[in-house]
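In what follows, chains carry the letters A, B, and so on, assigned in the order in which the sequence lines appear, proteins first and then strands, with residues in each chain numbered from 1.
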Amino acid sequence: MGKLFLKGNEAVIRGAILAGCKAYYGYPITPASEITEAAAKYFPLVGGTFLQAESEVGAINMTYGTASTGQRVMTASSGPGLSLKQEGISYAAGSELPIVIVDIMRGGPGLGNIAPEQSDYNQMVKGGGHGNYKLIVLAPNCVQEMCNLTMLAFELADKYRNPAVILTDGFIGQMMEPVELPNPIENIPVKNWRVDGTVVTKKNLISSIYLDPDELEEHNIKLQTKYRKIEESEVRFEEIYTEDAEIILIGYGIVSRILQTVIEEARAEGIKAGLLRPISLFPFPKNKINQLADKAKLLFVCEMSNGQMVDDVRLALNGKKPVKFYGRMGGVVPTTQEILNKLRILNASLQNEDNFVDSLTDSYLKI
Amino acid sequence: MVKDILEKPESFYEIFERKSGSNKLTTHYCPGCGHGVIHKLIAEAMDEFGIGDRAVMISPVGCSVFAYYYFDCGNVQAPHGRAPAVATGIKRAIPDSIVISYQGDGDLAGIGGNEILHAANRGENITVFFVNNAIYGMTGSQMAPTTLIGQKTTTTPYGRSARNEGYPIKVCELLSSLEAPVYLERVAITDAKNVMKVRKAIRKGLQNQIEGKGFSLIEILSPCPTGWGMKPVDAKNWVDEVLMKTFQLGVFKDKTAEAAPEIIEQKEFTSDEILKILGASKNGSDFLYDKPEVKINYQNPRIKISGFGGQGILFLGQLLSQSAMRSGYYTTWLPSYGPEVRGGTANCHIIISNNRIGSPLGAETDVLIAMNLPSLDKFENDVRKDGLILVNSSLISRNVKRNDVEVLYVPATELADEVGNTKVANLVMLGAYTAKSKIFSHDCVLFTANETVKKKEFLKVNEEAFRKGMEYVLNNKHKKIKNTIL
Ligand SMILES: Cc1ncc(C[n+]2csc(CCOP(=O)(O)OP(=O)(O)O)c2C)c(N)n1
Ligand code: SF4
């Protein structure tokens, strides 16, 4: 089939519709608005529901309502909107509703700016709302993946009865690339827990309330068990040039693209660098990172944030190998050149092993 | 008269299994509380209409958070104040369902003010039962938006003062200014006569929804003996004698007679139909053009296009990328976005490559297309050695300062004027770049332009502009276009 030339944000809606999503509720915000606009264009054409909500709070709760009926449904926004959605996301996690949420990250905190950042990692991967819950988080790094991972998000959300998130940045949302549309997902299983105004579902209840502490603990344990199962089965990542790598670069989203170019140039200079790109941020590829660390001498994490994912890398390694970090904030996208320069310094110090651990610290942040 | 609480309507569970504790026969409400009576009246109306199987009850946050203990129908529990949004999501998904949003005054008029306002304004075909007891019952008698002036609560220990807390919000009056709502009435749980009116209003609110007429809200003044610190009898009297003075009973809007029922058709689509709607075969690269032989220096270009808004900068970039896609290259297009674009300048990066593309930004620029002077000023130095700069010499009077790059001066705006439309200067540049780089075939670019341009009357002028640009470069071939002053 022929390819389409699409923006990342437009590809999200193609993916959603191909995944059998029936409804979209959103509120405009740059750099995610094209998702809402594409939804407004396409959902009515395929017999779905599109509604511009009164706010992100309204949007997430409409999403919650449609999800309660067992239909596939989604909402999308950017940082400030996600902050508003957190209450509803926590309710959806507690009620085990499969919804898909897209976050096209922008610069923060506060109103920040509309340039791409990766500073919502903690709010999406670690929680962000109240309670002991986890979201399935997927991080596309190209337009094709904006489509495909959105489809996967719907499948995983249904499979685990859990909210799933597409977490990416303004660049991936705004850029255009060729996309090949996958075939639509057919025969989506009917959910027997749904509440859709029918005799067979009238005894069902969608709720996150467990008044009795023992019962709520039991519910929490059930959720934690589910998250563990997700960690066992749904880890996704990509590696480039890792076989003989002495330095493993780790980055997701737009940063992984920049790192790919960095590594290509570094290899040309004889620097043995490789890339690990987490595709799923929860579950995080902990084991893979450990395996790579067995052979590598150093791990180098780059993010467009103050260093959020790097915490997970460090937790995974528990001090096994040095982890260095380089981050830019405020919507500044690091250039290939600046990262390459850092990599050269790291590589040089590797060849001179005695003093490298001491001489390199986290002052790598924005030097 | 209200039936005895033990004589349960069909739409009430016989035994309240979901209720915690050992007493599963009576509700969790305090003696004399209006919620229990209202629940029963709703359940009776559900029985009468026979809608128990189709109904979805939304429990709010407040004393009625456990409404799902009682109603024998589908139940969804919503976040505080968000029931109208949750109701919207359910009703839009399942138009056949009967969706009931049951809310207290803190829930509806306080935290959920925005959700109810907009659900009402959209005329959602739902029924809202709004229980106004002038207090936050569940959390222990704090002030509600409906608390009366002077009324003492745990957060207005000296009485509500208009100066500090404002006035009680009259929801029916407020919503009655909206076009969409079909039916708004305020009733009260007091004596038998008023309870009859409550029953009637509840029935009407449900009937409107069953008939697809639109949004109904019934505000019910309801005693909260516990919250008010009164005996049940006194509480009832207080509704009658005090609360009703501020919240007058009556119909605030009734378009039931003229409201036309909404008919919602739901159609299923096949996979092929969906793919077609999503554009799979429309402007896709159904067939590929051959990749021409490209000189090494022009291979895998990282291109920057810059100019002011209205010059079709982003579009030019898209044409380049799409032509690349149709020629079987990898390609990315990255715009500058947001207010910057509105400010008048626009630029985009395009990468065309034989290999999978990493950073869409590119470490350096191989080709700069500068459509105005600020663009040349800003980006000239980003071009790599031996790179290519295309200058719109109609608008840029100076020469490129560097002498280690190749430069093409193309009077793009003038050539565009020659074909009768200044706006197609971008296509002139596209022609110039295509002729120079030979990175894709002319046919491919023209096909792409024709596929992409929305207004078909532009097709011809686009093509002419494109050819002008090409010819300009081809005819100037003999000239030395290394950067010498022309
Ligand atoms: C976001 C949030 N804020 C506050 C609360 C605490 N809370 C629970 S019920 C309630 C007030 C409910 O009052 P109302 O809607 O008048 O219902 P009533 O209990 O009087 O029936 C509040 C503030 C909450 N659950 N969630
Ligand atoms: S506190 Fe008031 S509203 Fe709540 S159950 Fe008791 S009487 Fe009813």
Could you give the distance from [atom1] ([X]) to [atom2] ([Y]), rounded to the nearest 0.5 Å?
X	Y	atom1	atom2	answer
B:W333	A:E177	CH2	CD	12.0 Å
B:S20	A:E215	OG	CD	8.0 Å
A:T69	B:I94	OG1	CD1	4.5 Å
A:M176	B:M325	CE	CE	9.0 Å
B:I277	A:F43	CD1	CZ	12.0 Å
A:N204	B:Y68	CG	OH	14.0 Å

Could you check whether any side-chain heavy atom of [X] comes within less than 4.5 Å of a side-chain heavy atom of [Y], counting everything from C-beta outward?
X	Y	answer
A:E87	B:R82	yes
B:N114	A:S55	yes
B:T331	A:P178	yes
A:L181	B:L278	yes

Chain A heavy atoms under 4.5 Å from [X]: which part of the residue, side chain, backbone, both or neither?
X	result
B:L361	side chain
B:I357	both
B:R356	both
B:Y13	side chain
B:D272	neither
B:A78	backbone
B:E124	side chain

Below 4.5 Å, heavy-atom pairs only: which of [options] has the largest tally toward chain B?
options	value
A:Y42, A:Y25, A:Y91	A:Y91
A:D212, A:V179, A:N113, A:D196	A:D196
A:T336, A:L259, A:L51	A:L51
A:E265, A:Q337, A:K203	A:K203
A:V57, A:I60, A:T335, A:T63	A:V57
A:V199, A:L205, A:T49	A:L205

Checking heavy atoms, do the side chain of [X], its backbone, both or neither come under 4.5 Å from chain B?
X	result
A:Q260	side chain
A:E54	both
A:P182	backbone

[atom1] ([X]) with more than 12 external heavy atoms under 6.0 Å:
X	atom1	value
A:E269	CD	yes
A:F50	CZ	yes
B:E268	CD	no

Please name the pair of heavy atoms, one in [X] and one in [Y], separated by the smallest distance, quoted to 0.1 Å.
X	Y	answer
B:F269	A:G47	CE1-N, 3.6 Å
A:I209	B:F66	CG2-CE2, 4.0 Å
B:Q77	A:Y64	O-OH, 3.0 Å
A:G65	B:I90	O-CG1, 3.2 Å

Between the main-chain N or O of A:T66 and the side-chain N or O of B:R92, is there a donor-acceptor pair closer than 3.5 Å? no

A:R257 side chain vs B:S359 backbone, donor-acceptor pair below 3.5 Å: no

Residue selection (most heavy-atom pairs with chain A, distance under 4.5 Å) from B:C73, B:A324, B:P79: B:P79

Would you mind telling me which of B:P84, B:S97, B:S271 has the largest number of heavy-atom pairs within less than 4.5 Å of chain A? B:S271

Hey, mind stepping through B:D53 and A:T198 against side chain to side chain contact (heavy atoms under 4.5 Å, CB included) and telling me if it holds? CA-CA 5 Å; B:D53 293 346; A:T198 52; over 6 Å; no

